[in-house]
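Every value quoted in this text rests on a predicted model; they were computed, and no experiment measured them. Index from 1, following the sequence.
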Amino acid sequence: MRKNWLKKIIPLTLSAGILTAVPAFTQDVPPMGIVSMAEAAAPAAVQWHAGKDMAGWKFGGVWAYNGEPEMAADSAFGGSIRIGADFTGNVNDGWSELKLENAGAAACQLDLSGYNTLSFNLYYKPDNMTQGSFKLKLYVKSTDEQEVINLCPDVDLSKGKDAGNGMKCVPVQVNFKPVEAKTAYFCLSLVGCNTDYKGDFYINGLQLTGEKLPDGYVDVRTAVKKQDRVQLSQLQIPSGAGLVDAQATPEAAQLFAYLKGIAQSDKVLYGHQNELHKKVGKSLPGASDTEDMTGDHAAVLGMDSLALTGNELSLTDDEKARGMTLARKLADIYIPAAKKGAILTMSCHMPNFAEVKKRPLVNGRYDFDGYSPNNLEGNVMQRILPGGDLNDVYRAYLDMVAEFDSKLQAADVPLIFRPFHENNGSWFWWGASSCTPSEYRNVFRYTVEYLRDVKGLHNLLYAYSPGGPLVDEADYLSRYPGDAFIDVAGFDMYHRNPAAEDAWMDGFAQTMGVVGDFAEKHHKVPAVTEVGMLYGNSALVVKGNTRPDWFNEALERISPQDMAYFMTWSNFDETNFDQPYMVTKKRGHELVNGFIDFYNRPESVFMKDSADYRQLEVTAGAAKAGYGYLLAPGSYARVLDDLQIEARLGGEAGAVKFVLAGSQGDVLAELPARQENGLARAVLSRADIEKLGAQVASLEVVVAGEVSDSVPVLLNMPAPAPNPLLVDDFDSYYGDNGLLGGTYNANTGSGCTVTPQLSNVKNGGEAGLAFRYSINKGGYAGIVKSLKGADWSSCSAVQLWVKPDGMGQKLIIQLNSNGEDFEVDLSQLAKSTEAQVVTLPFADFKGKNGGTFDPASVKHFAIYCNTIGDEAVNSVMYFDDVRAVKQ
């Protein structure tokens with residue numbers, strides 16, 4: 001999922017230096033973090049004055065930063081700490097960290113009781129950056145080595161005030177819950193997020209205070225009720241399990257059957273990511289925020305491979321000295337819970353392996369630390385398969401996952417493994433904008449075969465989870481690896497910026513219907529693998545959540561559907577959490593009473609009331625006795641010469657042949673396969689190809705009379721001459737809407753749809769684009785075409801022909817450069833129906849993160865239509881001749 005997964009520990013310590021003046025610009029500043037009001041009288045402020053020296057502060061190192069920043073005392077702005085930074089080498093890094101440290105913390109052992117605010121002024125020069133943003137990291141450990149503060153608030157650059165010489169001063173106020181602890185480790189970092197800032201920062205006015213600020217929390221008034229345990233005898237449990245792994249452990253087969261039974265009931269298992277190793281209420285005794293609220297844990301416990309790389313889990317010095325590994329520590333946290341009935345699942349926010357390959361080895365091993373799944377550079381999916389230059393890096397990563405899972409397997413604990421999630425989006429390097437459908441499917445298949453057949457792991461159930469909403473089964477199948485490789489049919493779907501009354505729940509139910517029907521037809525376990533509310537770039541907010549009873553609303557929609565479980569994301573800290581939490585034994589987040597009511601509902605199942613599925617007698621078998629999948633050609637390959645066909649076979653494949661079918665399902669050619677060493681091959685000659693003419697065909701591998709895999713191929717269709725300045729003239733699709741649909745990735749809100757189609761309504765040439773959309777209240781629909789870093793530096797604008805529909809909805813043209821989206825609003829134009837050529841200067845595109853558009857590296861072009869008003873709109877607009885131009 002999106003969000004601030006990185007929670008790196010950064011060393012910063014406190015000195016005894018004292019300031020006498022209150023820093024400028026700190027009055028009446030809204031809090032950036034979350035605060036719990038101190039009940040006792042506020043202690044005296046702890047202040048630092050830098051200028052002649054750094055008041056005890058010093059450079060504390062970097063993380064994911066190229067080079068070493070300059071840090072020194074400076075007389076600027078009445079005395080400050082100057083940080084000379086250059087993030088230009090880390091533009092692709094979502095988290096590049098500069099650390100300060102004060103060596104006096106351990107000696108001072110500052111008592112934090114009563115303090116709840118760290119404030120200072122941050123000076124920067126806007127002209128020194130064209131993109132990106134900044135965060136802070138405040139991390140504090142007590143003298144007994146406990147983490148007591150861990151916050152990562154955004155720096156709101158819009159709050160900056162002119163400070164002279166092109167500099168701006170941003171007042172910063174980081175608020176945290178008061179803790180009764182003495183400080184041994186007080187940490188602060190400046191974090192660059194995909195920024196190219198190069199120049200100086202200045203920090204002054206650092207002080208630690210106790211402020212009386214409203215906390216937004218509520219008293220707990222809803223009592224927790226004891227729940228009845230699920231009875232296996234009341235579930236429709238299958239006696240057999242057709243699995244990806246015919247040699248699955250008994251526990252994996254039992255889990256599959258149990259989940260199938262739960263899905264067929266009116267009950268649903270509740271899941272929570274990072275349940276046992278990330279928590280907001282750190283001062284409370286429960287092992288999780290769920291336990292603090294209910295006395296119980298979620299039934300499904302999620303974790304991510306980021307914990308194995310040190311990004312979501314860390315080792316203490318003592319653990320390192322004892323030889324503890326992250327894999328061992330994570331297993332030790334979750335195996336005991338699994339023995340008590342919890343179900344475990346793991347997702348993988350994999351780093352960009354092209355970037356990993358560039359790093360020096362650490363103790364002879366690849367360094368997977370950091371967060372870079374949103375770095376789309378390097379064509380990673382094409383390079384991690386066997387024969388690719390990144391295959392060794394990827395295998396090393398899977399070996400790390402296997403090291404962890406082998407510990408679960410040794411303890412007879414199964415795991416739902418969920419790699420490459422949200423694959424139909426454009427935000428991960430395995431997403432639809434970065435690889436073809438066949439590339440995605442083959443990487444997923446290779447991953448399964450490596451873990452199952454090479455590493456000998458048989459306790460895994462494999463989950464597939466594209467992002468919702470999903471329109472129909474064809475939408476769900478667009479990148480589906482095949483029944484031979486999937487056990488759990490899931491999806492991720494978030495309620496973004498929820499309004500008090502919107503149609504999201506309807507779209508959620510509709511998508512569950514699509515996935516539930518698919519799972520029943522294909523004998524899979526249906527699940528909502530991620531869900532929750534998102535406000536802006538974060539998850540829940542401390543106060544002002546517009547759907548206070550969201551968990552019960554969601555349960556009422558999920559319970560009638562055939563979903564086995566649904567999982568919300570992680571509670572990292574007070575600035576990034578997806579589930580309510582407690583701050584004292586009697587007070588908690590404003591959704592806490594509704595959550596306890598949700599817990600009390602008989603339809604919701606938590607860990608203690610989940611049945612012991614290990615009592616089941618289940619026979620495991622293969623989901624597919626034999627299968628085959630195409631290694632070559634790939635999706636939308638242009639066939640202009642002999643067609644060389646190769647497929648990998650698995651299981652008891654039996655008879656294999658290849659079929660070339662036309663768009664109407666007619667058989668164009670049928671080829672017997674030569675089988676050898678687990679591969680099947682055939683060749684269709686160039687002469688035979690030429691006889692078929694120009695058309696889009698489907699190449700199928702048929703195993704035991706059943707189509708096991710297929711890819712679309714372009715027969716006798718030469719590629720158009722490359723033109724990096726042309727986005728699309730819609731003349732190179734040979735009239736085939738399937739080919740068009742394979743080029744554009746749809747991105748829609750809940751209950752909304754968009755269908756790109758070729759049209760005779762055009763500006764010229766062979767065809768134009770019909771943008772058919774359906775949007776509801778608060779909805780949106782868009783199409784995205786990857787441009788793979790096109791160089792438009794010789795141009796100054798993008799030009800397109802458009803025939804609007806007069807519906808007056810919000811029409812957005814979007815470009816992406818260096819990972820940031822830039823948009824122009826054409827809503828006024830959308831009120832008319834007049835066809836016209838529109839020229840949009842690059843200078844008019846506004847960056848979502850305040851950056852400057854870089855025409856030298858354009859990642860994608862997109863068209864979006866957002867709802868204006870309360871009424872649903874079904875309509876069509878037309879576009880043609882989209883290109884970069886020089887004015």
Side-chain angles (χ1 to χ4, degrees), residues 7 34-36 140-142 144-151 176-181 215-227 229 269-304 307 312-314 316 329-345 532 539-540 542 551 567-601 604-610:
K7 303 294 164 185
I34 307 307
V35 62
S36 179
V140 180
K141 291 180 74 172
S142 62
D144 59 357
E145 289 296 306
Q146 296 300 306
E147 174 188 293
V148 292
I149 301 174
N150 186 345
L151 294 171
F176 52 88
K177 295 198 307 271
V179 291
E180 295 183 3
D215 60 16
Y217 298 128
V218 300
D219 293 331
V220 176
R221 294 187 171 87
T222 304
V224 175
K225 299 177 182 178
K226 181 177 175 56
Q227 300 299 297
R229 195 169 191 182
L269 303 169
Y270 173 67
H272 187 214
Q273 181 76 3
N274 293 341
E275 169 88 345
L276 299 181
H277 67 284
K278 291 294 178 183
K279 186 184 178 193
V280 176
K282 296 179 178 65
S283 62
L284 296 176
S288 71
D289 287 321
T290 313
E291 185 180 22
D292 288 337
M293 289 187 289
T294 66
D296 200 352
H297 292 296
V300 178
L301 308 184
M303 65 197 84
D304 196 275
E312 291 186 351
L313 191 68
S314 59
T316 65
K329 183 172 183 177
L330 190 66
D332 287 349
I333 292 171
Y334 283 93
I335 287 175
K339 294 294 187 180
K340 294 179 181 178
I343 295 166
L344 307 185
T345 180
L540 297 180
V542 174
F551 282 88
M567 188 177 75
T568 57
W569 203 244
S570 177
N571 277 21
F572 289 110
D573 55 46
E574 296 98 329
T575 66
N576 191 359
F577 59 96
D578 286 64
Q579 178 193 274
Y581 55 88
M582 302 292 290
V583 292
T584 69
K585 291 183 178 181
K586 296 183 179 180
R587 284 174 63 75
H589 181 263
E590 65 179 17
L591 267 60
V592 68
N593 287 295
F595 187 88
I596 294 173
D597 182 57
F598 157 72
Y599 174 84
N600 290 338
R601 299 273 292 272
S604 65
V605 179
F606 285 65
M607 190 178 81
K608 287 182 180 178
D609 47 313
S610 186

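Glu275 contributes atom CD, which lies 8.5 Å from atom CE of Met607 (distance to the nearest 0.5 angstrom). Note that the CG atom of Asn274 and the CH2 atom of Trp569 stand 7.0 Å from one another [nearest 0.5 Å]. Here the straight-line distance linking atom CG of Asn571 with atom NE2 of His272 works out to 4.0 Å at 0.5 Å rounding. Here CG of Asp578 is found 9.5 Å from CE of Met567. Values are rounded to the nearest 0.5 Å. From Ile596, atom CD1 reaches atom CG of Leu591 across 11.0 Å, with rounding to the nearest 0.5 Å. Taken to the nearest 0.5 Å, the CG atom of Leu330 stands 9.0 Å off from the CG atom of Leu344.
Taking each heavy atom of Ala307 and His277 in turn, the nearest pair found is CB-NE2, 4.2 Å. The shortest non-hydrogen separation linking Ala181 to Val148 is CB-CG1, 4.2 Å. When all heavy atoms of Asn600 and Ala223 are compared, the closest pair comes out as ND2-O, 2.9 Å. Nearest heavy-atom pair across Pro336 and Ala331 is CD-O, 4.0 Å. Across Leu301 and Ala342, no two heavy atoms sit closer than the pair CD1-CB, 3.6 Å.
You'll find the side chain of His297 reaches within 4.5 Å of the side chain of Leu276, heavy atoms only. Looking only at side-chain heavy atoms (C-beta outward), Tyr270 and Thr568 come within less than 4.5 Å of each other. Phe176 is not listed as a side-chain neighbour of Asn150, based on a closest heavy-atom distance of 4.5 Å or more.
Of the possible polar contacts, one joining the Asp573 side chain to the Asn576 backbone as a donor-acceptor pair under 3.5 Å is found. Using a distance-only test at 3.5 Å, with no hydrogens or angles considered, a donor-acceptor pair links the side chain of Lys279 to the main chain of Leu284. A donor-acceptor pair under 3.5 Å is absent between the side-chain atoms of Glu291 and the main chain of Asp296, judged by distance alone. Checked by atom type and distance alone, the side chain of Asp609 pairs as donor or acceptor with a backbone atom of Phe606 at under 3.5 Å. Panel note: side chain Asn593, backbone Gly588; no donor-acceptor pair is recorded below 3.5 Å.
For Lys282 and Glu147, the salt-bridge test passes: some basic side-chain N is under 4.0 Å from an acidic carboxylate O. Look at Arg587 and Asp219 and you find a salt bridge, because one of the NZ, NE, NH1 or NH2 atoms lies within 4.0 Å of a carboxylate O, short of that distance.
In the displayed structure, Lys339 atom NZ is contacted under 6.0 Å by more than 12 heavy atoms of other residues, nucleotides or ligands.
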### Message
side-chain contact (heavy atoms from CB on, under 4.5 Å), that's the test. Do Met303 and Tyr334 meet it? Break it down for me.
### Response
CA-CA 9 Å; Met303 65 197 84; Tyr334 283 93; 3.7 Å; yes
### Message
Between Met293 and Gln579, does the side-chain contact (heavy atoms from CB on, under 4.5 Å) criterion hold? Intermediate values first, please.
### Response
CA-CA 11 Å; Met293 289 187 289; Gln579 178 193 274; 3.5 Å; yes
### Task
With side-chain contact (heavy atoms from CB on, under 4.5 Å) as the test, would you mind laying out the steps for Phe595 and Thr222 before giving the verdict?
CA-CA 9 Å; Phe595 187 88; Thr222 304; over 6 Å; no
### Task
Go through the steps for Lys586 and Val220 under the test side-chain contact (heavy atoms from CB on, under 4.5 Å), then give the verdict.
CA-CA 6 Å; Lys586 296 183 179 180; Val220 176; 5.6 Å; no
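Between Phe598 and Phe551, the ring planes are tilted. Angles from 30° to 60° get that label. Ring geometry for Tyr581 versus His589: interplanar angle of 30 to 60°, hence tilted.
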